[in-house]
Each structure stands twice: as structure tokens, then as C-alpha cells.
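Hydrogens, waters and symmetry mates are skipped; everything else that's a heavy atom, side chains included, is used. These numbers come from a predicted model, not from an experiment.
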Amino acid sequence: GGINAAGLNALSEAVRDLPRGQVTKMLINSGGGDTKVGIYIGSIVADLKPDLTIDVGCFSSCANFIAPAAASITIRENAFLGWHGNDRGFQIVADQKGITLREHFRATVATGSDDPDFDIEAWLDEAVPTIEALIVEEAALYDRIGLPNDAFAICGVGDRFEDRLSGQQLGWGFSVADMARLGLPPARYDGPGAYEDSPGFKHWLIRLTPEDCQP
């Protein structure tokens with residue numbers, strides 16, 4: 001389900017007293033959720049190193065922090081593993097626009113708020129340092145996992161690929177071979193044909209390649 005404090009507490013309690021190595025498999029279905037919680041769960045998964053099976057989907061924070069921390073990834077038939085950016089993506093978009101992170105957030109929030117009493121500057125005073133801290137935390141998790149970089153999580157960030165999304169597509173995904181090239185855990189698709197040709201992939205994602213991830 002959603003990545004939130006309740007889920008983190010439940011997972012922590014479930015594995016707290018278990019001997020190292022006892023948890024060998026995990027099953028997940030999540031559309032994402034809270035970034036900080038996702039990083040904490042990713043840290044737990046990095047300690048456990050289970051073989052992760054994705055049932056239905058693993059998107060957003062699930063794909064950013066949990067799947068990369070597993071020992072291996074199995075994607076069930078018509079399930080999907082997809083990304084739409086991590087917190088560093090906000091800074092990347094701001095850099096592309098030639099503005100600060102604060103200016104980027106101000107423009108984004110100003111266009112979506114209809115509350116006349118909303119104090120945007122006070123909100124920015126809290127939001128910008130929070131995101132900057134999370135960028136450091138997610139980088140530390142990737143370093144701990146041993147990932148070469150976060151290309152998989154920021155590949156489609158910005159305006160280069162947004163016009164390719166159609167229907168209910170949410171973000172991007174990679175073939176099994178390309179996930180290996182990006183340094184992600186060994187993955188396999190538990191269905192007929194190529195993963196990137198599966199109905200689940202095509203319904204929710206566009207396909208990108210490591211070459212698309214070059215700046």
C-alpha cells in the first residue's frame with residue numbers, strides 16, 4: 001500500500017527481533033508515498049537484502065528507494081516497476097529553468113493554490129530546507145546500497161519526455177537488461193514475452209534507455 005509512517009512502523013516491528021538472514025523474500029504492491037519514510041524502509045530492506053517480488057506495481061518512492069535496496073527483483077506478469085523522479089529531480093528541473101529551488105517551488109505552488117490566507121514564503125522557508133535534506137539522505141542510501149548513481153530515478157525528469165506520456169501513463173521504466181546496465185539489482189519478468197512489451201508496462205509507463213538518461 002501507501003508508503004507512510006504506519007507502514008514503516010509495521011515493518012520495523014515485524015523484523016525487529018528476527019535473526020539476520022531469516023527474511024529472504026518480500027512481496028510489495030505500492031504506488032509510492034512519503035519520501036523520508038521510503039528512505040527509511042529502503043534502509044531496512046538494504047539490511048535484510050530479500051528477494052523482492054512486485055505484485056501489481058512498485059512506483060515512485062517504492063521504485064526510488066525500496067526496489068533498488070533488494071537482493072533481486074521479480075516483476076509478476078503485467079506488474080510494473082516505474083519512476084517519475086526523486087527529490088533531486090526538483091533541483092534538476094530548477095537548474096534546467098535557470099532558477100533556484102525556492103523560485104521553482106514558488107512558481108509551482110503559486111499556480112496551484114487558491115487559498116488567500118496561504119503564506120507561501122513561510123511554506124517555502126520550511127519546504128526548501130526539507131527537500132535539500134532529503135536529497136542528501138537519498139544520496140546516502142544510494143551510496144550505501146552501492147548504486148553508481150541515481151540515473152534510473154531522474155532519467156525522465158524535466159521537459160524532455162513529458163510529452164510522450166499518454167492515457168494513464170505515470171512515468172518511465174526500463175527493460176530488464178537496461179535495469180542491469182543502470183546498476184539496479186538483478187531483475188526478471190515473470191510473464192510471457194519481454195517485460196517492456198507487457199500490457200502492464202505499456203499501460204503505466206513509457207520506455208527509456210540508459211542512453212536517454214544522459215544529460
Side-chain angles (χ1 to χ4, degrees), residues 1-89 127 130-154 170-174 176 179-180 182-191 195 198 200-201 203-205:
I3 294 174
N4 51 42
L8 171 61
N9 291 337
L11 176 61
S12 298
E13 288 299 319
V15 303
R16 186 187 309 278
D17 298 322
L18 296 180
R20 182 64 60 90
Q22 182 167 332
V23 177
T24 60
K25 297 181 180 180
M26 290 184 70
L27 177 69
I28 197 164
N29 170 28
S30 176
D34 185 274
T35 297
K36 193 173 188 70
V37 171
I39 292 171
Y40 286 158
I41 294 177
S43 295
I44 294 173
V45 173
D47 284 338
L48 299 174
K49 277 298 175 188
D51 295 312
L52 184 73
T53 296
I54 298 171
D55 178 41
V56 182
C58 177
F59 189 68
S60 191
S61 288
C62 179
N64 287 339
F65 310 120
I66 298 175
S72 69
I73 301 169
T74 297
I75 305 170
R76 285 185 172 173
E77 184 174 353
N78 290 333
F80 72 100
L81 171 61
W83 292 266
H84 69 146
N86 58 17
D87 282 305
R88 192 168 79 88
T130 297
I131 293 297
E132 290 173 339
L134 287 171
I135 291 172
V136 173
E137 289 184 33
E138 65 187 16
L141 176 62
Y142 295 145
D143 183 64
R144 177 184 172 190
I145 294 169
L147 289 168
N149 53 57
D150 63 348
F152 59 92
I154 53 91
L170 300 170
W172 63 85
F174 305 97
V176 167
M179 283 191 274
L182 289 165
L184 290 164
R188 70 181 182 93
Y189 176 58
D190 195 13
Y195 164 55
S198 66
F201 188 108
H203 181 87
W204 297 111
L205 308 171

Checklist entry - If you measure from the Lys or Arg side-chain nitrogens to the Asp or Glu carboxylate oxygens, is any gap between Arg76 and Asp190 under 4.0 Å? => result no
Checklist entry - Do side-chain atoms of Ser61 reach the backbone of Gly33 as a donor and acceptor pair under 3.5 angstrom? => result yes
Item to check | Gap separating the NZ atom of Lys25 from the CG atom of Leu48, nearest 0.5 angstrom | outcome: 15.0 Å
Item to check | Side-chain donor or acceptor of Lys49 paired with backbone N/O of Val23 under 3.5 Å | outcome: no
Checklist outcome for this item: Nearest heavy-atom contact between Ser12 and Ile44 is OG-CD1, 3.6 Å
Checklist entry - Just how far is it from atom CD1 of Ile66 to atom CD1 of Ile73, taken to the nearest 0.5 Å? => result 11.0 Å
Checklist entry - Less than 4.5 Å apart, any side-chain heavy atom of Tyr189 and any of Ser198? => result yes
Checklist entry - Backbone N or O of Ala5 within a donor-acceptor pair of the Asp34 side chain at under 3.5 Å? => result no
Next on the checklist: If we ignore hydrogens and angles and just use 3.5 Å, is the side chain of Asp143 paired with the main-chain N or O of Gly146 as donor and acceptor?
Outcome noted: no
Checklist outcome for this item: Between Ala70 and Pro50 the two heavy atoms that sit nearest each other are CB-O, 3.5 Å
Checklist entry - Would you call Ile54 and Asn29 a side-chain contact if the rule is heavy atoms closer than 4.5 Å? => result no
Item to check | From CD (Glu137) to OH (Tyr40), nearest 0.5 Å | outcome: 5.5 Å
Checklist outcome for this item: Tightest non-hydrogen contact, residues Ala69 and Gly42, listed as CB-O, 3.3 Å
Checklist entry - Between Ala67 and Cys58, what is the shortest heavy-atom contact and its length? => result CB-SG, 4.2 Å
Checklist entry - Looking at the rings of Trp204 and Phe59, which for Trp means the six-membered one, are their centres under 6.0 Å apart? => result no
Checklist entry - So, do Phe152 and Tyr142 have ring centers that fall under 6.0 Å from each other? => result yes
Checklist entry - Hey, does Ile75 have a side-chain heavy atom less than 4.5 Å from the side chain of Met179? => result yes
Item to check | Donor-acceptor pair between Ser72 and Asp51 side chains, under 3.5 angstrom | outcome: yes
Item to check | Arg188 side chain reached by Val176 side chain, heavy atoms, under 4.5 Å | outcome: no
Checklist outcome for this item: Of all heavy-atom pairs linking Gly57 and Ala79, the shortest is N-CB, 4.4 Å
Checklist entry - Under the 3.5 angstrom rule, does the side chain of Glu138 hit a backbone N or O of Ile39 as a donor-acceptor pair? => result no
Checklist outcome for this item: Looking only at heavy atoms, the pair that brings Pro185 and Ala71 closest together is CB-O, 3.8 Å
Checklist entry - Got a second to check how far Leu182's CG is from Leu147's CG, nearest 0.5 Å? => result 9.5 Å
Next on the checklist: Is there a side-chain contact between Ile41 and Ile3 in this structure, where contact means two heavy atoms from C-beta onward sitting under 4.5 Å apart?
Outcome noted: yes
Checklist entry - With sequence neighbours excluded, what pairs up with Asp47 under the salt bridge (charged side-chain N to carboxylate O under 4.0 Å, His left out) test? => result Arg144
Next on the checklist: Apply side chain to side chain contact (heavy atoms under 4.5 Å, CB included) to residues Thr74 and Leu52 and explain how you reach the verdict.
Outcome noted: CA-CA 6 Å; Thr74 297; Leu52 184 73; over 6 Å; no
Checklist entry - Taking atom CG of Asn86 and atom CG of Leu134, what is their separation to the nearest 0.5 Å? => result 10.5 Å
Checklist entry - To the nearest 0.5 Å, how far apart are CZ in Phe174 and CG in Leu81? => result 9.0 Å
Next on the checklist: Any non-hydrogen side-chain atom of Ile131 less than 4.5 Å from a side-chain atom of Asp87?
Outcome noted: yes
Checklist entry - How about Val45 and Met26: do any of their side-chain heavy atoms sit closer than 4.5 Å? => result yes
Next on the checklist: Using only atom types and a distance under 3.5 Å, with no angle test, would you say the side chain of Trp83 pairs donor to acceptor with the backbone of Ala63?
Outcome noted: yes
Next on the checklist: So Leu141 and Ser43, do their side chains get closer than 4.5 Å, heavy atoms only?
Outcome noted: yes
